[in-house]
Student: 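Before I ask anything, here is the structure I am working with.
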Amino acid sequence: MVKSQKTKKVAADAVAFLEVLSAAGVILTAENEVIDQSEQAKQMGLVAYGKLINSELQELVNQARAERTSKSTEVYFAPNLRAAKQFLFARATMLSEELVILMVEDRTEAKRLEDVRHDFVENISHELKTPISAISLLSEALQIAVEDPAAVKKFAVDLNKESKRLAGLVNRIIELSRIQAGDLSGEIRKVDLGNLIAEAVDSNLFLADRRNVKLSFDVVPEVYVKGDSELLTMAIKNLIENAILYSEANSQVGVGLKVESGMAEITVTDNGIGIPVDQQERIFERFYRVDPSRSRETGGTGLGLAIVKHAANNHGGEVAVFSRVGLGSTFTLRLPLLTERDQND
Ligand code: ADP
């Protein structure tokens with residue numbers, strides 16, 4: 001349908017304005033034909049054959065026109081079946097007697113962050129409830145058992161264990177929220193990975209001894225990275241601690257350091273229980289455990305590997321796992337080597 005020159009001009013001016021704002025917008029006629037759209041809208045693939053392809057967006061436009069007011073909605077949208085779904089915020093408003101403008105904002109990332117935050121809070125509340133209710137029950141039991149010294153002793157030991165677990169969990173949550181913000185708030189400097197591994201091994205010797213696991217390390221000297229040594233030590237400690245905790249007595253845990261393809265490569269290998277292939281990606285999620293009861297029994301929080309992953313990301317590195325059930329696991333932490341430029345910074 002041929003539109004008047006004036007209508008076309010109104011649409012073109014509106015689109016020019018949207019382009020200045022780098023905004024996605026589509027202008028529709030009273031017959032719901034798309035008369036013009038901004039470059040950003042084209043890239044989003046909102047229109048095909050001169051029509052909006054999403055029925056919810058079309059409905060929004062119809063409502064704005066019928067009620068002669070501004071209407072907004074949130075919709076999941078994908079331009080085709082193969083494309084990833086985007087989360088869009090859309091607003092439709094009358095632009096003139098004839099035209100409606102539909103403005104669309106991609107809020108996928110904001111929505112993802114909001115969902116992650118929501119999940120995190122929900123998980124934390126759930127995780128905190130368990131030790132808190134155990135502490136509450138044990139303290140009640142203590143009151144009742146005052147006349148029975150053996151029972152008092154047992155409840156006191158359990159109480160101590162639960163309160164330590166609670167403290168450990170709270171610490172991990174604090175550590176994780178710090179590094180999740182992408183924050184390397186510790187001092188960023190040249191880090192000698194050999195020293196750092198020695199320290200992480202050292203702090204796990206007691207645990208290894210208690211569980212009868214032989215802990216050894218084999219590192220090449222003078223491998224340096226740029227980073228937050230506290231955070232990296234925490235990550236390596238977590239990997240070693242897991243290797244010990246998910247191994248049977250009389251087994252071995254080995255920690256290695258070498259340079260491979262221009263990256264520092266730290267490996268932690270155990271011949272413990274292993275991880276099923278289909279769960280190997282999920283173990284890096286917060287609070288994900290392959291066997292929740294075993295994790296709880298060993299004092300696990302489900303946060304150790306999430307911390308490792310974030311620490312690796314924050315340093316421009318990555319963490320990977322190779323594991324077979326019943327044979328054992330190797331976790332590999334790769335970090336970019338210190339460059340000459342870093343040295344001069
Ligand atoms: P947790 O505190 O439960 O150990 P992590 O985030 O450190 O939490 O690890 C997540 C899950 O990954 C563990 O609960 C366990 O199921 C599995 N896992 C981690 N490391 C190992 C390992 N070396 N061997 C076998 N399973 C492991």
Side-chain angles (χ1 to χ4, degrees), residues 112-181 183 185-186 200 203-213 230-231 233-249 270 272-273 275-276 279 282-311:
R112 190 188 66 78
L113 286 176
E114 188 190 305
D115 289 350
V116 165
R117 209 167 298 134
H118 180 257
D119 275 6
F120 191 35
V121 171
E122 216 158 69
N123 283 336
I124 286 178
S125 327
H126 174 77
E127 295 288 332
L128 289 175
K129 264 188 207 147
T130 317
I132 289 173
S133 65
I135 287 173
S136 158
L137 283 175
L138 284 164
S139 60
E140 269 172 36
L142 256 179
Q143 283 173 16
I144 297 165
V146 278
E147 307 293 335
D148 178 353
V152 166
K153 186 152 184 232
K154 184 186 175 307
F155 293 143
V157 168
D158 289 349
L159 198 54
N160 188 259
K161 209 166 97 190
E162 290 298 334
S163 59
K164 279 197 178 132
R165 168 178 302 181
L166 186 59
L169 186 59
V170 169
N171 276 337
R172 288 245 154 142
I173 289 168
I174 294 169
E175 285 161 5
L176 186 60
S177 27
R178 175 166 85 82
I179 51 179
Q180 254 184 332
D183 168 20
S185 55
S203 68
N204 272 301
L205 282 177
F206 179 71
L207 180 68
D209 194 48
R210 214 178 59 200
R211 296 185 63 97
N212 238 325
V213 171
E230 213 182 293
L231 194 56
T233 315
M234 193 198 306
I236 300 170
K237 261 190 203 169
N238 287 353
L239 290 177
I240 302 175
E241 190 181 302
N242 278 348
I244 300 170
L245 290 174
Y246 296 103
S247 289
E248 306 303 335
D270 63 63
I273 61 172
I275 303 155
Q279 299 189 37
R282 301 213 59 193
I283 54 173
F284 296 98
E285 291 171 18
R286 290 165 310 202
F287 299 114
Y288 189 84
R289 301 152 168 128
V290 176
D291 175 356
S293 62
R294 174 160 182 150
S295 163
R296 286 217 169 77
E297 179 200 311
T298 52
T301 57
L303 292 176
L305 289 179
I307 290 177
V308 175
K309 186 174 165 195
H310 281 285

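Hydrogens, waters and symmetry mates are skipped; everything else that's a heavy atom, side chains included, is used. The first residue in the sequence is number 1, and the count goes up from there.
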Student: Which pairs pass salt bridge (charged side-chain N to carboxylate O under 4.0 Å, His left out) with one or both residues in residues 237-247, sequence neighbours excluded?
Tutor: none

Student: Tell me the closest heavy-atom pair linking L166 and P131, and the distance in Å.
Tutor: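 Heavy atoms only, the tightest pair is CD1-CG, 3.7 Å.
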
Student: Got L205 and D209 here, is their nearest side-chain heavy-atom distance under 4.5 Å?
Tutor: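 A side-chain contact under 4.5 Å is absent here.
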
Student: Please give me the minimum heavy-atom distance between F120 and I173, naming the atom from each residue.
Tutor: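 F120 and I173 have their closest heavy atoms at CZ-CG2, 4.5 Å.
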
Student: Look at the side chain of N204 and the backbone N and O of L207, then say whether any donor-acceptor pair between them is shorter than 3.5 Å.
Tutor: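 Pair absent, no side-chain N/O of N204 close to backbone of L207.
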
Student: So, taking the atom named OH in Y246 and the one named CG in D270, what distance separates them when rounded to the nearest 0.5 Å?
Tutor: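 Here the interatomic distance stands at 11.0 Å.
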
Student: I'd like to know if the side chain of N212 and the backbone of A208 have a donor-acceptor N/O pair within less than 3.5 Å.
Tutor: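 No: the side chain of N212 does not pair with the backbone of A208.
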
Student: Kindly give the heavy-atom pair with the smallest separation between F284 and K309, and that separation in Å.
Tutor: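 Closest approach of F284 to K309: CB-CD, 3.7 Å.
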
Student: Give, for atom CZ of R211 and atom CD of E248, the distance between the pair rounded to the nearest 0.5 Å.
Tutor: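 One gets 8.0 Å once the value is rounded to the nearest 0.5 Å.
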
Student: With sequence neighbours excluded, give me every side chain to side chain donor-acceptor pair (under 3.5 Å) pair touching residues 157-172.
Tutor: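 Found K154-D158, N160-K164, R172-N238.
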
Student: Rounded to the nearest 0.5 Å, what separation is found between the CZ atom of F287 and the CG atom of L176?
Tutor: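 Answer for the CZ-CG pair, F287 versus L176, is 7.5 Å.
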
Student: Checking side-chain polar atoms at under 3.5 Å, does S293 have a donor or acceptor matched by the opposite partner on D291?
Tutor: yes

Student: Would a 4.5 Å heavy-atom cut-off, applied to side chains only, mark V152 and D148 as touching?
Tutor: no

Student: About how many Å separate CD1 of I283 and CD1 of I275, when rounded to the nearest 0.5 Å?
Tutor: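 I275 CD1 to I283 CD1: 3.5 Å, rounded to 0.5 Å.
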
Student: So do the side chains of T301 and E127 get within less than 4.5 Å of each other, counting heavy atoms only?
Tutor: no

Student: Kindly determine whether L142 and V146 satisfy side chain to side chain contact (heavy atoms under 4.5 Å, CB included), including the steps that lead there.
Tutor: CA-CA 6 Å; L142 256 179; V146 278; over 6 Å; no

Student: Can you find a pair of side-chain heavy atoms, one from V121 and one from S125, that are under 4.5 Å apart?
Tutor: yes

Student: Could you check whether R286 pairs with E175 (Lys NZ or Arg NE/NH1/NH2 to Asp/Glu carboxylate O, under 4.0 Å)?
Tutor: no

Student: How long is the span from the CG atom in L128 to the CG atom in L169, to the nearest 0.5 Å?
Tutor: 5.0 Å

Student: Do S247 and I273 have side chains that get closer than 4.5 Å, going by heavy atoms?
Tutor: no

Student: Would you compute the distance between atom OG of S203 and atom CE of M234 and round it to the nearest 0.5 angstrom?
Tutor: 11.5 Å

Student: Test of understanding: with salt bridge (charged side-chain N to carboxylate O under 4.0 Å, His left out), list the residues that count as partners of E122, not counting sequence neighbours.
Tutor: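 Here no residue qualifies.
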
Student: Give the minimum heavy-atom separation between P276 and V290, together with the two atoms involved.
Tutor: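 So the minimum-distance heavy-atom pair works out to CD-CG1, 3.9 Å.
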
